[in-house]
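Structure first, commentary second.
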Amino acid sequence: MLEEVERWLARRSWSVSDRPLDRVLAAKRNTKVSVVLPALNEEATVGDIVAVIRRELMTEAVPLVDELVVIDSGSTDRTAEVAAAAGARVVARDAILPRIPAVPGKGEVLWRSLMVTSGDVVCFVDADLRDFSADFVTGIVGPLLTDPDVDFVKAMYDRPFGDTPGQGGRVTELVARPLLNLHWPQLAGFVQPLGGEYAARRSLLERLPFPVGYGVELGLLVDALHTVGLDALAQVDVGVRKHRHQDGQALGRMAAAIYRTAQLRLSRGHLVRPRLTQFERGEKGFEPRTYAVDTEERPPMAEIAEYAHRRVA
């Protein structure tokens, strides 16, 4: 791992417990916070997430969140009704910027959400989370309220796969983490680079392009690095994330979109560093483990003299 990243991990990686709620509220002052849930057929979970945020972060005693918006991207179930009944403002994707025809994709929804929210800080939360905790919001919003030099914060967490701990995030481990380590090694310290829970200052988000599909998380992270620098990025440990897992074909589509997003950004010029940093939870939180990536290649066997000699013989 680069020394710069090691220093960043010490300075910009926190736990949600590092900022008690009363400290976060005291630092909020006049800053307006918007929470956005992009949703497509999430009637089973979106209501519970909205209810937790309303109950724990939008009260007279705890006025952390000023605006809670669910962007419905064409659900065919009761997502919109459930979210509205739980207390969210629901906006249909296609009603936002109707001059520009909408295309399918999560990034499209996140981009359009900037048009219908007004918060100085915008917090994105996936709508398929189970056993949702308000820590997901307070954890990633906290640094933006208490640290003026921080512009972009991602949540980090354990991702169990079924009953198996630590095996979620397959596209992260097989696609995104290798890409970031090899081409943007400054971002090698992010535990969950593709996680859907992150917050940023509007002043940054409005300056970034948004890939319309699954590549949005990687694209925003890379572009934020280029725009504001590593020290303005941070991550917060919020515990465990449980959600609906995609099947293998969906993961393949996600991987392809992420690769394409990276490819577009690599055209700017890139650095290849043959190291891969992964993370394991230890006694003191997430601990990095760095490994060399095999980059040496053998030439075609037809070019090897001994092989050519054997064929002649």
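No hydrogens, no waters, no symmetry mates; every other heavy atom, side chains included, goes into these values.
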- Message: Could you check whether any side-chain heavy atom of Leu205 comes within less than 4.5 Å of a side-chain heavy atom of Phe124, counting everything from C-beta outward?
- Response: yes

- Message: With salt bridge (charged side-chain N to carboxylate O under 4.0 Å, His left out) as the criterion, how do Asp151 and Arg201 come out once you've worked through the C-alpha distance, each side chain's angles and the decisive distance to 0.1 Å?
- Response: CA-CA 6 Å; Asp151 290 329; Arg201 301 192 192 280; 3.1 Å; yes

- Query: With a 4.5 Å limit on heavy-atom distance, are the side chains of Phe152 and Leu204 in contact?
  - Reply: yes

- With sequence neighbours left out, write down each residue that passes side-chain hydrogen bond (donor to acceptor under 3.5 Å, both in side chains) with Asp237, or none if nothing qualifies. Arg281

- Message: Is there a side-chain contact between Arg112 and Ile71 in this structure, where contact means two heavy atoms from C-beta onward sitting under 4.5 Å apart?
- Response: no

- Over all atoms of both residues, closest heavy-atom pair of Asp126 and Ile49: O-CD1, 3.6 Å

- Query: Between Arg93 and Asp72, is there a side-chain N and carboxylate O pair less than 4.0 Å apart?
  - Reply: no

- Is there a salt bridge (charged side-chain N to carboxylate O under 4.0 Å, His left out) between Asp66 and Lys28 once you walk through the steps? CA-CA 11 Å; Asp66 301 283; Lys28 184 176 186 287; 2.8 Å; yes

- What's the spacing between Cys123 SG and Leu57 CG if we round to 0.5 Å? 9.5 Å

- Query: Is Met115 reachable from Phe210 through a run of I, L, V, M, F, W or Y residues, each pair having side-chain heavy atoms under 4.5 Å apart?
  - Reply: yes

- Message: Is there a path of hydrophobic side-chain contacts, each under 4.5 Å between heavy atoms of I/L/V/M/F/W/Y residues, joining Val236 to Val240?
- Response: no

- Would you say Arg23 and Thr146 make side-chain contact, with heavy atoms under 4.5 Å? yes

- Item | Residue pair Ser75, Glu43: steps toward the side-chain contact (heavy atoms from CB on, under 4.5 Å) verdict | CA-CA 9 Å; Ser75 297; Glu43 67 175 1; over 6 Å; no

- Message: Could you tell me if the side chain of Glu287 sits less than 4.5 Å from the side chain of Glu280, heavy atoms only?
- Response: no

- Task: Please tell me if the side chains of Val52 and Ser133 come closer than 4.5 Å, counting only heavy atoms from C-beta onward.
- Result: no

- Task: Ignoring hydrogens and angles, tell me if any N or O in the side chain of Thr59 forms a donor-acceptor pair with the backbone of Val62 under 3.5 Å.
- Result: yes

- Compare every heavy atom of Ala262 with every heavy atom of Leu179, then report the nearest pair and how far apart it is. CD1-CB, 3.8 Å

- Item | Parallel, tilted or perpendicular, as decided by the 30° and 60° cut-offs, for the rings of Phe279 and Phe286 | perpendicular

- Message: I need the minimum non-hydrogen distance between Ser118 and Ser34, along with the two atoms involved.
- Response: N-OG, 3.8 Å

- Distance only, no hydrogens: is a donor on one side chain within 3.5 Å (strictly under) of an acceptor on the other, for Thr277 and Arg289? no

- Item | Student check: side-chain heavy atoms of Leu68 and Leu37 closer than 4.5 Å | yes

- Item | ILVMFWY cluster, Leu97 and Val212 together (side-chain gap under 4.5 Å) | no

- Within the 6.0 Å centroid threshold, strictly below: Phe190 and Trp184: no

- Task: Compute whether any side-chain donor of one residue and acceptor of the other, for Gln235 and Ser13, lie under 3.5 angstrom apart.
- Result: yes

- Message: Test of understanding: clusters of I, L, V, M, F, W, Y form through side-chain heavy atoms closer than 4.5 Å, transitively. Do Val90 and Leu129 belong to the same one?
- Response: yes

- Message: For the CG atom of Leu2 and the CH2 atom of Trp8, what is their distance to the nearest 0.5 Å?
- Response: 12.5 Å

- Any chance CD of Glu3 has more than 12 other-residue heavy atoms, nucleotides or ligands included, within less than 6.0 Å? no

- Test salt bridge (charged side-chain N to carboxylate O under 4.0 Å, His left out) applied to Arg19 and Asp147, step by step: CA-CA 11 Å; Arg19 289 175 180 78; Asp147 295 78; 2.8 Å; yes

- Note on the structure: side chain to side chain donor-acceptor pair (under 3.5 Å) with Glu197: of Arg241, Gln192, Lys154, only one passes, and it is Arg241

- Passes side-chain hydrogen bond (donor to acceptor under 3.5 Å, both in side chains), Thr117 versus Arg202? Steps please. CA-CA 10 Å; Thr117 55; Arg202 177 177 293 272; 2.7 Å; yes

- Query: Hey, any chance Leu114 and Ile100 share a hydrophobic cluster, counting ILVMFWY side chains that come within less than 4.5 Å of each other, even indirectly?
  - Reply: yes

- Message: Restricting to side chain to side chain contact (heavy atoms under 4.5 Å, CB included), what partner residues turn up for Val171, sequence neighbours left out?
- Response: Val175, Leu194, Leu251, Met254, Ala255, Ile258

- Message: Under the salt bridge (Lys or Arg N to Asp or Glu O under 4.0 Å) definition, can you give me all pairs with a residue in residues 76-91, not counting sequence neighbours?
- Response: Glu67-Arg89

